[in-house]
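Keep in mind it's a predicted model, so treat the numbers as computed, not measured. The figures here come from the full heavy-atom set of this structure, side chains too, leaving out hydrogens, waters and symmetry mates.
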Amino acid sequence: MSNTAQSLAGKRIASLLDENSFVEIGAGITARNTDFNMAKADTPADGVITGYGVIDGNLVYVYSQDASVLGGTIGEMHAKKIAGVYDLAMKMGAPVIGLVDCAGLRLQEATDALNSFGTIYEKQVLASGVIPQITAVFGTCGGGLAIVPGLTDFTFMEDKNAKLFVNSPNALDGNTKEKCDTAAAKFQSEEAGLVDFTGSEEEIFAGIRQLVALLPANNEDDMSYEECTDDLNRVCADLENCVGDTSILLTQIADDNLFVEVKAAYAKEMVTGFLRLNGQTVGAVANRTEVYDAEGNKEASYDAVLTKKGAVKAAEFVQFCDAFDIPVLSLTNVKGFKADLHSERGIAKAVAKLTYAFANATVPKVNVVIGAAYGSAYVAMNSKAIGADMTFAWPTAEIGTMDAKLAAKIMYADADAATINEKAAEYAKLQTSVQSAARRGYVDTIIEAADTRKYVIGAFEMLFTKREDRPAKKHGTV
């Protein structure tokens, strides 16, 4: 390693990768521009350390911006180094990890620097869906640089000092940093949904290492597996009690009870994340109506409905899984759509994106109905109608157009209460019971909640060699 390894940027790389595994590329590169006193400036590595190394033996490419060199600003040679890392990563089929700490565009290089931003964007776009891209923000990531995490698959952000913004908080009309810090990790993870994980630098390095271990190296890699030492037929007692907080449910059925939730702070009514089942990485999407903390205290409650944010969050996650051939498991408990003026502005398009993502995905897809499954909201949640390969349901599940009593009130609007109750019971038996759905072929197997793990593992094993042809087209437009 070069002497740039002694900088904070170099130390971050050392903290992330396996010990002594990093090999630096382009350590001798400096800025070419000589305008505006740049000839006198010392620009070691032009403010970014680039190279490759391993994480638990897995090859990765890394760039780490050095804020001690002109604030880590991006100029011509800085961008060329990052582009070079992307070129190598694409050739080798390995992830790219960017450690961002940058004051933005280098003003001394003007249009050269501006063009450099575009060069990085282009490399990211070409790599999208081919190799995993991970960004970690440790310092400033503002202006045009904020597009970089937007183009990557997963974004980590240090929760104390990092700043991520297109426009700084004080530049927003009627706002100040003290009033609403839109550049903070809290806002970007909870409100904007751009950031997947937040924490200290140490927690971020551990999180990236864990994520890399779960993900395939590229879109043609079939090695994202590990030997499973957990009992494949393990009974998950009292699993039906987890129907509200499905992040706990997914943890219970996962190998060794490890579930890595993605965008955990955003749209909490929809859970997305990764787990292993029989050693295979699986992406999970689940409706959630309750959130519990580590001590078992209820933190929040939600209606069993699809929201605009939740639908978009799930759609983007399913698209990532499909791009990298990661099977998808869904847990359905939904009664309809969120109904308010704000939601109505975008709920139709958001649910359309979710429907498209599930229907368009050709990876193995398994759905488990764990609660209510009503109307077109249920259809959008990976139902058999839009392509689920296997559908299971718990005995307590309800599948139909709507709540039986509400349906009876609509069909028998002028009837008395006794008649409404009688017709509701009849409707529940004939139209919303899980047995009714199974008789029509919409549910493949009714399973006990405690047996969910073994049935889901068996389904994914059966679907391991799935191949599915689709109509020839350049790409969809949803």
Side-chain angles (χ1 to χ4, degrees), residues 12 15-16 62-65 67 72 95-104 120-121 124 127-128 132-169 172 175 177 180-212 214-215 247 259-274 283-285 288 291 299-300 307-321 350:
R12 285 172 176 154
S15 297
L16 172 65
V62 183
Y63 67 87
S64 181
Q65 293 175 316
V96 171
I97 303 170
L99 310 182
V100 175
D101 190 351
C102 174
I120 296 172
Y121 299 159
Q124 288 187 277
S128 181
Q133 300 178 67
I134 299 171
T135 299
V137 181
F138 294 108
T140 302
C141 179
L145 192 62
I147 297 172
V148 168
L151 287 171
T152 54
D153 300 306
F154 301 100
T155 300
F156 292 74
M157 188 171 176
E158 195 273 332
D159 59 5
K160 294 293 190 295
N161 302 310
K163 300 297 178 185
L164 174 57
F165 57 89
V166 173
N167 298 292
S168 65
L172 305 177
N175 189 59
K177 177 183 174 182
C180 179
D181 190 355
T182 54
K186 179 178 175 63
F187 182 89
Q188 291 297 330
S189 60
E190 296 180 7
E191 300 296 330
L194 179 59
V195 172
D196 296 275
F197 307 92
T198 63
S200 65
E201 290 206 11
E202 293 74 19
E203 290 170 334
I204 287 174
F205 295 137
I208 294 174
R209 291 179 63 87
Q210 184 181 61
L211 187 59
V212 168
L214 283 167
L215 299 179
S247 66
F259 171 62
V260 178
E261 189 172 354
V262 175
K263 284 183 170 48
Y266 181 72
K268 292 184 179 182
E269 68 279 359
M270 182 70 77
V271 176
T272 56
F274 298 105
V285 175
R288 174 162 56 187
V291 179
E299 291 185 335
T307 65
K308 175 184 174 181
K309 288 183 177 180
V312 172
K313 171 182 173 179
E316 291 176 350
F317 182 79
V318 171
Q319 288 174 330
F320 173 84
C321 291

Determine whether a donor-acceptor pair (N or O, by modelled atom type, separation under 3.5 Å) exists between the side chain of Glu158 and the backbone of Ala162. yes

Do the non-hydrogen side-chain atoms of Phe317 and Met270 ever get within less than 4.5 Å of each other? no

Show me the donor-acceptor pairs, under 3.5 Å and distance only, between side chains in residues 140-155 and residues at least two apart or in other chains.
{"from": "Thr152", "atom 1": "OG1", "to": "Thr135", "atom 2": "OG1", "distance (Å)": "3.3"}
{"from": "Thr152", "atom 1": "OG1", "to": "Pro149", "atom 2": "O", "distance (Å)": "2.8"}
{"from": "Asp153", "atom 1": "OD2", "to": "Gln133", "atom 2": "N", "distance (Å)": "2.9"}
{"from": "Thr155", "atom 1": "OG1", "to": "Pro149", "atom 2": "O", "distance (Å)": "3.4"}

Would you say the side chain of Val195 lies within less than 4.5 Å of the side chain of Tyr266, judging by non-hydrogen atoms? no

Mind checking the CG-CZ spacing from Leu172 to Phe165? Nearest 0.5 Å is all I need. 10.5 Å

Find out whether Lys163 and Lys177 are in side-chain contact, i.e. whether some heavy atom of one side chain is under 4.5 Å from a heavy atom of the other. yes

Test side-chain contact (heavy atoms from CB on, under 4.5 Å) on Glu261 and Val271 and set out the steps. CA-CA 7 Å; Glu261 189 172 354; Val271 176; 4.0 Å; yes

Check: Leu211 and Phe274 side chains under 4.5 Å, non-hydrogen atoms: yes

Please check if the side chain of Ser189 supplies one atom and the backbone of Ala185 the other of a donor-acceptor pair under 3.5 Å. yes

Rounded distance [0.5 Å steps], CD1 in Ile97 versus CG in Leu16: 5.0 Å

Determine whether Ile208 and Phe197 make a side-chain contact, defined as any pair of heavy atoms from C-beta on separated by less than 4.5 Å. no

Rounded to the nearest 0.5 angstrom, the OG-CZ distance for Ser200 and Phe205 is 9.0 Å

Nearest-0.5 Å distance that lies between atom CD in Gln210 and atom CG in Leu215: 10.5 Å

Apply side-chain contact (heavy atoms from CB on, under 4.5 Å) to the pair Lys309 and Lys263, showing each step before the final yes or no. CA-CA 11 Å; Lys309 288 183 177 180; Lys263 284 183 170 48; over 6 Å; no

When rounded to the nearest 0.5 angstrom, what distance separates CZ in Phe156 from CG in Asp196? 7.0 Å

Just by distance, do the side chain of Arg288 and the backbone of Ser247 share a donor-acceptor pair under 3.5 Å? no

Nearest heavy-atom approach of Ile204 to Ala136 is CG2-CB, 4.0 Å

Kindly say whether Pro169 contributes a backbone atom to a donor-acceptor pair with the side chain of Asn175 at under 3.5 angstrom? yes

Rounded distance (nearest 0.5 Å) linking atom CZ of Arg12 with atom OG of Ser64: 6.0 Å

Using modelled atom types and a 3.5 Å cut-off, is there a donor and acceptor pairing between side-chain atoms of Thr198 and backbone atoms of Met157? no

Tell me the closest heavy-atom pair linking Cys102 and Gln65, and the distance in Å. CB-OE1, 3.1 Å

Note: Lys186-Asp181 ion pair, threshold 4.0 Å (strictly below): no

Partners meeting side-chain hydrogen bond (donor to acceptor under 3.5 Å, both in side chains) with Lys313 (sequence neighbours left out): none

